[in-house]
2 protein chains.
Amino acid sequence: MTFEIDPVQSDRSRDALTAAHLYYMQDLTMDAIAQELHTSRSSVSRLLSHAREIGLVDIQIKSPLDAPSHLEQQIEARFQITAHVVPVPDSASDVDRLERVALSVARILGQYFDSNMTMGIAWGSTMNAISRHVTPKQTHNSQIVQLNGAGNMRTTGLGYASEILGRFGTAFGAHVQQFPVPAFFDNPDTKQALWRERSISRLIDMQAIMDIALFGLGSPFSGVMSRVYAGGYLEQAEFDSLSAAGVVGDVATVFYRADGSADGIALNERSTGPDFTVLRRTPRRICVVAGRSKLASLRGALAAHLITDLFVDESTARALVEAN
Amino acid sequence: MTFEIDPVQSDRSRDALTAAHLYYMQDLTMDAIAQELHTSRSSVSRLLSHAREIGLVDIQIKSPLDAPSHLEQQIEARFQITAHVVPVPDSASDVDRLERVALSVARILGQYFDSNMTMGIAWGSTMNAISRHVTPKQTHNSQIVQLNGAGNMRTTGLGYASEILGRFGTAFGAHVQQFPVPAFFDNPDTKQALWRERSISRLIDMQAIMDIALFGLGSPFSGVMSRVYAGGYLEQAEFDSLSAAGVVGDVATVFYRADGSADGIALNERSTGPDFTVLRRTPRRICVVAGRSKLASLRGALAAHLITDLFVDESTARALVEAN
DNA sequence: AACCGGATTGAACATACGTGCAAGGAGCCG
DNA sequence: CGGCTCCTTGCACGTATGTTCAATCCGGTT
């Protein structure tokens, strides 16, 4: 059985490419394009949508280099990272905020990820939002690796996490490596044992050499509970112990304090997320934050040097640099 | 006297940047953006136009790598160059053809030209058309060099050529080096003498080290006369001598035959355009051709290996590969 | 051949967008 | 201060684009 390119699909995409040329490079109207392609204007509209969807059209916004917003400059100077402040009106709800930051990230991600790369991806509401909008870009020999398990008392989490991962994988034409373990083990020994299994250690090894990590932040003790705390991953007792340990947030279900430290936090021993010492070896660590409720968590993650590239909504960014 | 950035201009561009983000990255409608920026929808429309004009927005069409059009593949295989076939319906007039090819080139040129580069530019109807559409891109320490003089019996040609050059210079923020000589000297000795002048040799030296050359083709003996033949640059006798010598075209007023040879063409001794042996040292030599009347000229230029990157309209491309 | 989804198409409708125009505002000079 | 020009703004209009819907086409099945 040979695999042939679906001629219809190919036809469609070739037309989409032509249409894109005519529309974006030659400024023809859709009407004019319709005539050249011997079809209706509405079909051209659809062709162009298709072209954008499959990533034939790439739209970039280029800051004139000298004009990263004042906020971005401040953040970069203070924390030694690259900052992208997403403009969102102060009146926007947290849901809007997340959606809009996620959309921006989704659009720009292709500029970071390329062929022969490995990208580690977490799960959670932030990652979910991003995944629903990733702009496709064809890559070869690239990998998407799940950063931490998603199973809990109720489900294996495979559906949810794999949906997210899958969307990234499809968009980039990358292999997807699932991580079929719970978010937290009940017993640290189980983790140790499993980590020695070749099927699992293979994955851990991939995490160790990934080029990009992409993650949101958990913020256990602020208004909006992130999925980890609402989804049945943690018992009340565990939650309390985090509180007692002074935890302010987590990255891929690994917890940290306000000063960035993570030592002696018991739950981390049972977490399946990458140890921070490992994570910090990843050259590019992209963190996506939306909403002021994650401010404390963000400060902690910055203190822990978990972030090299930050995407954040405008008002959270402002809060970050204002109150010291 | 200090130069300060015009605060109004800066305001405007900052808003344009924000608007571009909101429009292209977050898919807001102009109405929504107007609200966020506290202005009217029409102003947003204008802001976005402005943003595109000054090159804040960069739209690229990416062939899925595996799908350069059949024509492009054929041309690339046969002539060992990179080909860009611009889709133009067969019914289009030659003027349309030129306009549309030029627009495509103008849009894509920024991908080739960058900071610290030197680009040589010819003049003529093709270059004129391109210049009217170049998409701005900020570069530093870059140079635009005029390839050949534009003076003739009637004018110094400075106005015409410098207008073209100037548009490129402005778009890229590059220094423009004019070439204040006629297209052809009456006497070869004058050329030799002038070439030894430091003011001129400086320019010749720059041509020798340019990174990109951008030019159209002249086609003396086909339907549409290119500017060189219509604009009073050549006497009838000179024209006849070209015909007798078997000339099929020129690049920057340097002539060649169908087989690509240029030896013994008397007029070349008096031409101010770069010698082909010099031109061929330029790493990237972009040729723009629109209209089948230039086919013979194109064949000659290809035979002479003057081209590394070709932009051509579809039907001319088809003709190029068809009739052998 | 008849039948049945599912996908694709163009017409019609609903939005969104670009632009001419008149009104208003900021600078400049008399 | 008035008068002038030049630039910017929002409105209103016409055009361009997105989307719904009914009709049609297509491939597979009975």
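In the text below, chain A, chain B and the rest are named by the order of the sequence lines, each starting its count at 1.
For Q60(B), the CD atom counts as densely surrounded, since its 6.0 Å shell holds more than 12 non-hydrogen atoms of other residues, nucleotides or ligands.
Taking 4.0 angstrom as the limit, S45(A) places a side-chain polar atom (N or O) nearer than this to OP1 or OP2 of dG18(D). Proximity of T29(A) to the phosphate of dT15(D): no side-chain N or O atom is located under 4.0 Å from OP1 or OP2.
A salt bridge between K294(B) and D94(B) is absent, with no side-chain N of the basic residue lying under 4.0 Å from a carboxylate O of the acidic one. E53(A) has no carboxylate O lying under 4.0 Å from a charged side-chain N of R46(A), or vice versa, which leaves the two without a salt bridge. Between E99(B) and R132(B), at least one side-chain N (NZ, or NE/NH1/NH2) sits under 4.0 Å from a carboxylate O, which counts as a salt bridge.
Counting non-hydrogen atoms under 4.0 angstrom, S42(A) reaches a base of the nucleic acid. Residue S49(A) is classed as having no contact, given no heavy-atom separation below 4.0 Å to the nucleic acid.
Remark: C1' of dA16(C) and OH of Y24(B) are 13 Å apart, rounded to the nearest angstrom. Between the P atom of dG18(C) and the CD atom of E53(B) lies a distance of 12 Å, rounded to the nearest Å. As a whole-Å value, the separation of I33(B) CD1 from dT15(C) C1' is 15 Å. Here dC17(C) presents its P atom at 17 Å from CG of D27(A), a figure rounded to the nearest Å. In this entry the distance linking NE2 of H50(A) with C1' of dT19(D) reads 18 Å, nearest Å. A straight line from CZ of R52(B) to P of dG18(C) spans 6 Å, rounded to a whole angstrom. Spacing between atom CG of L37(A) and atom P of dT8(C) amounts to 16 Å, rounded to whole angstrom units. If you measure from atom CD of Q35(B) to atom C1' of dG10(D), you get 15 Å, rounded to the nearest angstrom.
Of the candidate nucleotides dA12(C), dC17(C), dG10(D), dC17(C) has the atom nearest to the side chain of Y23(B). Considering only side-chain atoms of R46(A), the nucleotide from dT9(D), dC21(D), dC17(C) that sits closest is dC21(D). When distances are taken from the side chain of M30(B) to each of dG18(D), dC17(C), dG20(C), the shortest belongs to dC17(C).
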Discussion item. Could you walk me through whether D313(A) and S315(A) satisfy the side-chain hydrogen bond (donor to acceptor under 3.5 Å, both in side chains) test, starting with their C-alpha distance in whole Å, then the side-chain angles of each, then the deciding distance to 0.1 Å, before giving a yes or no?
Written reply: CA-CA 6 Å; D313(A) 65 281; S315(A) 65; 3.3 Å; yes
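At a cut-off of 3.5 angstrom, the base of dT15(C) holds no donor-acceptor pair with the side chain of R41(B).
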